[in-house]
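Report on one structure; see the data block that follows.
Reminder, nothing fancy here: chain letters follow the sequence lines and each chain counts from 1. It should be emphasised that the depicted structure is a prediction, and the values quoted were computed from it without experimental measurement.
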Amino acid sequence: MTLELSKTYDAKAHEADVYRRWEAAGCFKAGAGKRPGKPAYAIAIPPPNVTGVLHMGHALNNTLQDTLIRWKRMQGCDVLWQPGTDHAGIATEAVVAKQLAAEGATTRETLGREKFIERVWQWKEKSGGLIVGQLRKLGSSCDWSRERFTMDPGLSRAVRENFVRLYKEGLIYRGTRMVNWSPVLKTALSDDEVVHEDKNGWMWKLRYDLVDGSGSIAVETTRPETFFGDTAVAVNPDDARYQALIGRKVRLPITGREIPIIADAYADPEKGTGAVKITPAHDPNDYEVGARHNLPLMRVIEFDGTMNKHAAHFAGQDRFACRKALVHELEASGVMLGKTEIRHSVGTSERSGEPIEPMVTEQWFIRMRPLAERALKETNEGRITFHPTQWTKVYSHWLENVRDWCISRQIWWGHRIPAWHDQDTGEIVVSVDDPTKDPTYAGRRLVQDADVLDTWFSSALWPFSTLGWPDRTPELARYYPTSTLVTGRDIIYFWVARMVMMGLFNLDARPFNDVYIHGTVNDERGDKMSKAKGNGIDPLIMIDGGSQMYLGKQYDNPGYGADAVRFTLLEMATEGQDLKLNPGKFDSGRHFANKVWNAGRFLLMNLAERPLAKPPTVDDVLACHLGFVERWLLDRTQATIAACTDALERFRFSEYVVTAYRFFHDDLCDWYLEWAKRQFKAGGEEARAAATVLWYAFDRVLRLLQPGMPFISEVLWQHLQTTAGGQAWAAKSFLMLSPWPEVEPRLTDAALAAPMAELQAVVTAVRNVRNQQQLADGVHLTVSIQPKTAARGNELRPHTAFIEDRGNCDATVVAPDFTKASATVTSVVGDLKVHVWLQNTIDLAAFKATNLKRLTGLEKAVAGKQARLANADYLARAPAQQVQDTRDQVAKELLEIANLKETLAGL
RNA sequence: GGGCGAUUAGCUCAGCUGGCUAGAGCGCCUCCCUUACAAGGAGGAUGUCGGGGGUUCAAAUCCCUCAUCGCCUACCA
């Protein structure tokens, strides 16, 4: 069999192929690879918008989910990663509306509701859901056979069912209320769809004259055009300045309409002039005041943002055009008393960007209080845990202050509200199934409500609607509540809290146990990535290659592969910290993937020369004649297994990959693999042991890497099967369904770490001296190691082979009373002196300086500890073990100090 | 206005329940294209842990305070 693995790792040559094999073999299916006695583990994907394309935030979010899912699957759990997409009402409607406009000035209105929705479906079938393919490129191991869309028939039924249940419980009501209105989208928006932006603006001061001509009152406003809708001026009842004016009337400018001056505590004497104009139809606070005083509602702005007939000659003008012209006119007429520039927060539509207009309209609402109380109990009583925990507070704070949720939208794409209005009686019929087809309602003129539901209404049901609810399906029984929700902090209110509320309401059980909130992906300056800012890094270009603009610079990328992108994202995913990315960051993942690849090639080449019968088991390993270095590596392998598992259990993604990286890079490659070359050369039993140990350790680390770097670990693992007489991909076995490693006590030996560290320090000392002589690594040196005692010498002697091999030297352990030759230079490693015969000139001053520096550092450390030990309080209060450790350390350090001093004296 | 978070090497970040001379990656300096890997190897340099105060035998870590920067939130007419 010939091995034709390229010298550098070419992700593109493998990833698509591997993914196809996994999928064909059913590896992604719910329950794939599950083992008896293991629990279920489910994650419902945060459904991306059908209109979406994969950005770095998705890449991070899905890498984390896939890592958890793959890990749990390897642990033998009955795993489901439920995928799907969201219909994204407003966003999708906007896409298609834009298309219509581009095709030639058609609007959705001219097309009509049914035709328009048809168009949206056509668009969805043809170009929607692109992102699903992109998630595959990332390596996401979702059960695609269970892919769902929020407007699927089943999920739509769940939406209607939920609506009807809430309605019957009195938790949904219809009412005329002040809502956020988007004049561009021509729909109501929920409070959460309004973003507040700080903007520069003007505060205008207007003069309203008293009707009786006895004077005037001044009010301030940032929206002068709303004065056409004023129905009162309010002053504080305790405001001495205005006592005499309460109950009198003022005349509005231009229209001359008369309105009363009323007393209401809402007017704050400290603010502005202390008198406030009341526009109940266009301001939420004024609406409240108006309600208290029975003031008429006078709407002066139309739903499209233009002024209506109440605005005199400004009727028909856009609200902002009107403001401009109006200000001019008022200035000219002397009504305008002045203006001040201010910076204030303006509520704007999240989707369309324009300032929202508060409007009084009839809408559907959900009464949130009772739902919120139950949702709060879940976290308070520990059934749902946020990671990191501080997000619990954010979640709780919102729920404690939650206001009723406006769920109706005046758009067409979405779940139509399952309520029918009786045209004759005005009665409302709420029903899961169309009542016009129900004989019970025969003869009645029922017309369905025109509005659709807020997109988040269906998203709130996602963890159970995707499992078949309201039917009691086996999947629902097995996977609900799901295990973990992985998401960003921006949708804790929108989505997380609402899923909890709806899960509890409908199923009496939380939708998930753990919520992992990851950081936001930012550019290198710390700004959130966005298309508009041109600071986005396209994950697909990082994976597949291509060129892109980033912060005004052109980047050409050869394509690093999904594993490299995933590794870098995981590495940076530290406890909810935001990620500051730049395209160069992905080098670390790419370099590591290449390192793994080449270590794999090395192992494969050597196994080709000395094949083993089968992948080594623990027993096979134990049956070998294991040397010190082998036993050390095996112990390190166990420690790494424990640490990686622990990190994943605690959602420490960065710690997980960094631990695996450190072991792989330092222990396995830098130390063991290099040592193995010598063992292979030696042949016989030593070579067999090295091959066995190396394969075993490599196999374990491939397993550890599989959740994070699934493609490369699978490819190498498959190739390794060939060396045992098999053929890559031949068996129906896959690394991704193989067991996650568990710590093997028989291979654990904590006593090896310290002696190995000492040997490594000796080797480093030798290499350092070689380096300081400006000699190439290939130059062989002669070394004498002088121990403090004969016993220490005996300890060391069996390990000279390791020092000789790794230090490229002849090493002799000499007697404690050894007199060093003059042509040597001495380094200190603890209580050992390492004498290296010089072959070239050495910068003695520099060498001395290094040692001196070390001496100073040690002396400082010892002095600190000795002071501590001299302190009676320390001895009395610190734990005994702590004190003993300090004593031991001082003893060790004093030995090294003495050693260093002697050495320095001899230099 | 309120809340939350951050501030550690030139850069990006670890450092968890206070306790070894505070670490890693990138970058930097020296040497090496050695038959797994130059996307590599060997060695090295680099810190008033944002400032100030406090608690403690002991503080990067806990508390207070100030500064700077983020994010969320709020109806400032």
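One finds no side-chain N or O of H719(A) lying less than 4.0 angstrom from the OP1 or OP2 phosphate oxygen of A36(B). A close approach under 4.0 Å does not occur between any side-chain nitrogen or oxygen of K7(A) and OP1 or OP2 of C33(B). At the phosphate of G25(B), neither OP1 nor OP2 sits under 4.0 Å from any side-chain N or O atom of S588(A). For T764(A), a side-chain nitrogen or oxygen approaches OP1 or OP2 of G43(B) to under 4.0 Å. Regarding contacts with the backbone of G15(B), a side-chain N or O of R652(A) is found under 4.0 angstrom from either OP1 or OP2. Dashed line: the shortest gap from a side-chain N or O of H591(A) to OP1 or OP2 of G40(B) is under 4.0 Å. Between K595(A) and G41(B) there is a side-chain N or O to OP1 or OP2 distance below 4.0 Å.
Taking the charged nitrogens against the carboxylate oxygens, E524(A) and K585(A) have no contact shorter than 4.0 Å, which rules out a salt bridge. At a threshold of 4.0 Å, the pair R223(A)-E357(A) counts as salt-bridged, since one of the basic side-chain nitrogens sits closer than that to a carboxylate oxygen. Of the charged side-chain nitrogens involved, none lies within less than 4.0 Å of a carboxylate oxygen, so that R770(A) and D777(A) do not count as a salt-bridged pair. Checked for salt-bridge contact, E655(A) and R650(A) meet the test: a charged N lies under 4.0 Å from a carboxylate O. A salt bridge between D523(A) and R525(A) is present, with a side-chain N of the basic residue lying under 4.0 Å from a carboxylate O of the acidic one. Salt-bridge annotation for K892(A) and D888(A): absent, with no side-chain N of the basic residue lying under 4.0 Å from a carboxylate O of the acidic one.
Contacts of L673(A) with the nucleic acid, taken as non-hydrogen atoms under 4.0 Å apart, include base atoms. Within the nucleic acid shown, F567(A) has no heavy atom closer than 4.0 Å to any nucleic acid atom. Residue A267(A) is in base contact, counting any heavy-atom pair closer than 4.0 Å across all strands shown. Using a 4.0 Å heavy-atom cutoff across all strands shown, N871(A) reaches sugar-phosphate atoms only and no base atom. Across all strands, R489(A) comes closer than 4.0 Å only to sugar-phosphate atoms, never to a base (heavy-atom distances). Using a 4.0 Å heavy-atom criterion, one finds that S654(A) contacts no nucleic acid atom at all. Within the nucleic acid shown, G561(A) has no heavy atom closer than 4.0 Å to any nucleic acid atom.
Between H518(A) and Y516(A), the ring-plane angle classifies as tilted under the 30° and 60° cut-offs.
Taking for each of T273(A) and Q889(A) the nucleotide of RNA chain B with the nearest heavy atom, the 5'-most of the two is the partner of Q889(A). Nucleotides of RNA chain B nearest to F602(A) and R854(A) differ in position, and the one nearer the 5' end is that of R854(A).
As rounded to whole Å, 17 Å separates atom P of C37(B) from atom CG of D10(A). The distance from atom CG of D578(A) to atom C1' of U12(B) is 13 Å, rounded to the nearest whole Å. D587(A) has its CG atom 15 Å from the P atom of G25(B), to the nearest Å. For the pair I517(A) CD1 and G5(B) P, the computed distance is 15 Å after rounding to whole Å. Atom-to-atom, NE2 of H397(A) to C1' of G5(B) comes out at 16 Å; the value is rounded to the nearest Å. Note: NZ (K681(A)) to C1' (A36(B)) measures 14 Å, nearest angstrom. Taking atom NZ of K585(A) as the reference point, atom P of U12(B) lies 8 Å away to the nearest angstrom. One atom, CD of E524(A), and another, P of G27(B), lie 15 Å apart when rounded to the nearest Å.
Using a 3.5 Å distance cut-off with no hydrogens or angles, the side chains of R868(A) and N871(A) do not pair a donor with an acceptor.
On a pure distance criterion of 3.5 Å, no polar donor-acceptor pair joins the side chain of E270(A) and the base of A77(B). Residue-to-nucleotide contacts include no donor-acceptor pair under 3.5 Å from the side chain of R601(A) to the base of C37(B). Judged by distance alone, with hydrogens and angles left aside, K271(A) brings a side-chain donor or acceptor within reach of the base of C76(B), the pair sitting under 3.5 Å. For D777(A) against C32(B), no side-chain N or O and base N or O form a donor-acceptor pair under 3.5 Å. One can find a donor-acceptor pair under 3.5 Å joining the base of A42(B) and the side-chain atoms of N771(A).
Of the candidate nucleotides A39(B), A77(B), U30(B), A39(B) has the atom nearest to the side chain of T8(A). Closest approach to the A861(A) side chain among A36(B), U73(B), U21(B) is made by U21(B) (side chain taken as heavy atoms from C-beta onward). Set against C20(B), A39(B), G19(B), the side chain of N594(A) has A39(B) as its closest nucleotide. Comparing G19(B), U21(B), U12(B) against the side chain of P879(A) picks out G19(B) as the nearest. Closest to the side chain of K393(A), from the set A77(B), C16(B), C4(B), is C4(B). If you check G19(B), A42(B), C31(B) against the side chain of R767(A), the one that comes closest is A42(B). Among the nucleotides G44(B), A24(B), A77(B), the one closest to the side chain of N768(A) is G44(B). Of the candidate nucleotides C72(B), A77(B), U21(B), A77(B) has the atom lying nearest to any side-chain atom of H344(A). You'll find that the side chain of Y266(A) is closest to A77(B), out of A77(B), C72(B), A42(B). Taking the side chain of A776(A) as heavy atoms from C-beta on, and the options A77(B), C32(B), C13(B), the nearest nucleotide is C32(B).
Comparing the P positions of A6(B) and C16(B) gives a spacing of 12 Å, expressed to the nearest Å.
Summarising the base pairing, G5(B) is matched to C69(B) through a Watson-Crick or G-U wobble pair whose two defining distances lie under 3.5 Å.
Note that NE2 of H282(A) is 7.5 Å distant from OG1 of T226(A), once rounded to the nearest 0.5 Å.
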